[in-house]
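Heads up: the structure comes next, in structure tokens.
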There are 2 protein chains.
Amino acid sequence: MTSRRATIADVAREAAVSPSTASVVFSGKTPVSDATRRRVTEAATRLGYTGPDPRAASLRRGRSGIVGVVVGSTLNHLFLDPVQRLMMDGLAEAVAPFGAGLLLLRSSPEIENAPTLLTVPVDAAVLIGCDAPLRASLETAHLRGLPIVVIEGDAGDDVPRILLDNREAQRTAAAHLRGLGHTDVAVVTLRTSAAVAGGWIEPDAEITIDVTRERLDGARDVYPDAPALATAGSSIDQGVFAGRVLFADPERRPTAVIAQSDLLAAGVIRAAEEAGLRVPEDVSVTGFDGVPVDGLSPYELTTLVQAPTDKGRAAGAAVAAMLDGRAPASVLFTCTFREGNTTGPLPR
Amino acid sequence: MTSRRATIADVAREAAVSPSTASVVFSGKTPVSDATRRRVTEAATRLGYTGPDPRAASLRRGRSGIVGVVVGSTLNHLFLDPVQRLMMDGLAEAVAPFGAGLLLLRSSPEIENAPTLLTVPVDAAVLIGCDAPLRASLETAHLRGLPIVVIEGDAGDDVPRILLDNREAQRTAAAHLRGLGHTDVAVVTLRTSAAVAGGWIEPDAEITIDVTRERLDGARDVYPDAPALATAGSSIDQGVFAGRVLFADPERRPTAVIAQSDLLAAGVIRAAEEAGLRVPEDVSVTGFDGVPVDGLSPYELTTLVQAPTDKGRAAGAAVAAMLDGRAPASVLFTCTFREGNTTGPLPR
DNA sequence: TTGTACGCGTTATCAA
DNA sequence: TTGATAACGCGTACAA
């Protein structure tokens with residue numbers, strides 16, 4: 001009923017022990033006699049003390065138990081993608097045993113006063129899909145001496161990276177299509193840069209988003225002249241749009257489509273059905289990611305299976321390592337080719 | 001190059017001012033002469049000082065700039081739902097001007113040592129979909145004297161709530177169907193409790209999840225005897241499963257389906273197509289939420305439109321109010337009925 | 001096993 | 001406009 005919240009000093013006084021003893025009872029760092037422990041915990045409940053103030057504890061310890069996750073876009077956009085969702089789960093799971101939680105931060109805070117890596121008590125930072133706007137966060141994190149991990153992006157120097165063999169994997173899928181006899185193949189890509197909305201990719205266009213460039217390179221390793229249509233991001237709807245473009249002219253449509261994500265592939269398939277084409281009899285479609293796509297059920301995509309949750313876990317492990325002062329490992333994950341029922345031999 | 005990071009005291013010394021002056025230069029709370037300011041900022045850059053340590057600042061200020069968001073399930077599960085995604089965006093947007101970010105916390109930490117509201121320096125807590133496991137978090141938040149806001153859930157007492165007129169809205173949709181002449185109507189519901197996996201809902205079954213119960217009540221206001229099939233959550237796939245059950249027997253299938261979410265409705269429509277039924281000629285389907293469903297494009301759902309982003313913003317505003325010591329407002333949001341092309345008159 | 005003493009890095013308050 | 005002082009609440013050497 002007092003105006004002020006109880007502190008550990010109050011508890012100690014109430015229990016007639018020293019503050020350090022009371023502290024030890026809560027932290028468990030040092031053995032304490034049962035009698036003392038009980039006295040302290042009872043005093044605590046009597047005073048309504050719920051444990052050390054996390055703010056004070058984190059100052060004292062030099063650790064807050066918070067890992068900042070810097071995302072480039074809105075949460076809605078980010079989490080639309082099952083790959084990101086699973087990755088975040090893996091990340092959360094991997095840092096949880098260290099008592100750490102994930103703090104979401106936007107990289108481009110057009111909002112005045114918005115929280116940043118400079119203002120918020122984080123122990124480490126994870127950057128997702130490191131492109132231009134994220135570089136700034138990288139800078140500030142470096143300045144503050146924060147441990148940093150980058151997922152699917154190039155942070156240059158000695159920052160540990162969690163990467164995927166995008167190019168090699170995509171090449172495998174392309175080779176699979178070539179093996180089936182396809183020669184007219186189109187690529188439906190993820191975003192090519194933070195700003196662009198989509199459209200045909202010119203031969204000399206610069207692609208600033210690594211994933212997109214790498215997967216496209218992989219496809220072009222097999223089909224150097226394959227036309228590529230960029231979307232505004234990984235979603236079924238974007239795949240539908242792209243598919244409609246590809247299948248608009250029945251005379252000149254591709255016989256196979258390499259989509260850079262499973263969501264896009266699902267959309268392309270939908271567009272194919274709209275256009276009266278059967279998959280895979282009339283047109284083959286490959287995806288990328290190997291994640292469950294909500295609503296795709298009759299089909300099982302031919303795709304490259306990655307393990308997004310493991311990727312998140314690896315990022316978490318790297319964070320944990322850096323917090324422990326150990327050297328974090330960069331990790332290159334490998335995709336597995338999985339043949340589903342969305343690819344088949346060249347028609348006719 | 002010293003081993004230790006520079007503190008504001010170092011900067012003050014280097015600039016030959018007092019620590020408090022240096023502090024004020026960074027916080028901007030008090031006017032400072034230009035000359036002094038420059039001296040301080042220059043000293044700071046010389047020393048590689050990037051601003052006050054957030055941990056120390058938050059201890060001193062008694063505020064960390066972190067809002068804990070307690071979620072019941074995995075992130076993957078939570079963010080599968082566009083309603084939740086948009087809500088989180090609104091929430092993030094509303095607390096950002098206060099320099100606050102969102103920290104994700106799981107309510108049922110089976111992981112040892114996982115972060116909780118007790119261990120993490122949060123200024124306030126937002127509970128999403130407050131059911132049984134969340135009650136515990138509620139308890140601890142109360143104990144710690146944290147401001148709490150509950151979204152779509154009942155926290156009992158004086159906790160501000162962000163609610164939706166679920167029952168009334170659902171009743172409107174049901175009435176719409178009745179107006180079209182439908183009498184054989186089935187309901188496809190969201191989860192009925194944290195644990196249950198789905199199945200026909202017995203008449204006397206207890207439904208612990210508020211949203212589900214309220215929407216079902218609304219449907220039953222018009223169709224008291226409508227059978228209800230529970231799913232394991234809001235997703236297209238779950239809707240497909242439910243739809244297959246409903247349409248399994250051509251002789252006894254409903255002519256209209258009330259789905260408790262747009263995702264479920266999308267799945268039901270997919271199942272209807274599978275079963276060779278046309279929507280809305282053979283079967284009418286209503287949704288709930290009015291959110292863009294990725295991959296639904298040919299259809300426009302007849303649904304109840306809510307404003308999830310606003311809901312999030314309202315929660316954020318409530319948090320902000322409580323942090324300012326003002327009384328937070330509970331808000332009841334209202335859905336709007338929107339007729340799409342998935343409902344039509346009773347066939348024959 | 002318990003207690004003493006100190007400082008973690010800031011910032012609010014007040015006086016100059 | 002600037003400076004001195006005193007917390008904020010805790011953890012941890014170290015000594016007893």
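Lettering of chains follows the sequences in order, A, B, ..., and the numbering in each one begins at 1. Computed from heavy atoms alone, side chains included, the values below leave out hydrogens, waters and symmetry copies. None of these values were measured; they are calculated from a predicted model.
For R55(A) (side chain) and P121(B) (main-chain N/O), no donor-acceptor pair under 3.5 Å exists by modelled atom type. The backbone N or O of D53(B) sits nowhere less than 3.5 Å from a side-chain atom of R5(B) that would complete a donor-acceptor pair. With hydrogens and angles ignored, the 3.5 Å screen pairs a side-chain donor or acceptor of S330(B) with a backbone N or O of R161(B). Between the side chain of T41(B) and the backbone N or O of R37(B), at least one donor-acceptor pair lies under 3.5 Å. Here the side chain of D89(A) pairs a donor or acceptor atom with the backbone of N76(B) at under 3.5 angstrom.
Across all strands shown, T36(A) has heavy atoms under 4.0 Å from sugar-phosphate atoms exclusively, and none from any base. V24(B) comes within 4.0 angstrom of nothing in the nucleic acid, heavy atoms only. Across all strands, L59(B) comes closer than 4.0 Å to base atoms (heavy-atom distances).
Rounded to whole angstrom, the span from the NZ atom of K29(B) across to the C1' atom of dT10(C) amounts to 13 Å. Between the CG atom of D10(A) and the C1' atom of dC10(D) there is a distance of 13 Å, rounded to whole Å. One interatomic measurement links the two molecules: CZ of R13(A) to P of dG9(D), which rounds to 12 Å at whole-angstrom precision. One can place CZ of R38(B) at 15 Å from P of dT1(D), the figure rounded to the nearest angstrom. When the P atom of dG11(D) is taken as reference, atom CZ of R55(B) falls 14 Å away, rounded to whole Å. The distance from atom CZ of F26(A) to atom C1' of dT12(D) is 17 Å, rounded to the nearest whole Å. Here dC8(C) presents its P atom at 15 Å from CD1 of I8(B), a figure rounded to the nearest Å. We find that CZ of R5(A) is positioned 21 Å from P of dA7(D), with the value rounded to whole Å.
With dC10(D), dT2(C), dT2(D) as the choices, the nucleotide that has an atom nearest any side-chain atom of T21(A) turns out to be dT2(C). Of the listed nucleotides (dT10(C), dT1(D), dT2(C)), dT1(D) has the atom at the smallest distance from the side chain of P31(B). Among dG11(D), dT10(C), dC8(C), the nucleotide with an atom closest to any side-chain atom of Y49(B) is dT10(C).
Taking 4.0 angstrom as the limit, S18(B) places none of its side-chain polar atoms (N or O) nearer than this to OP1 or OP2 of dT2(D). At dG9(C), none of the side-chain N or O atoms of T7(B) fall inside 4.0 Å of OP1 or OP2 (strictly under the cut-off). For S33(B), a side-chain nitrogen or oxygen approaches OP1 or OP2 of dT2(D) to under 4.0 Å.
Residues R37(B) and P52(A) both approach DNA chain D. Their nearest nucleotides, taken by heavy-atom distance, put R37(B) toward the 5′ side.
Between L127(B) and I148(B) the shortest heavy-atom distance is CG-CG2, 4.1 Å.
For S20(B) against dA4(D), a side-chain N or O and a base N or O form a donor-acceptor pair under 3.5 Å. For a distance-only test at 3.5 Å, the side chain of R61(B) fails to qualify as a donor-acceptor partner of the base of dA12(C). Contact of R60(B) with dT10(C) (side chain to base): no donor-acceptor pair of N or O atoms is detected under 3.5 Å.
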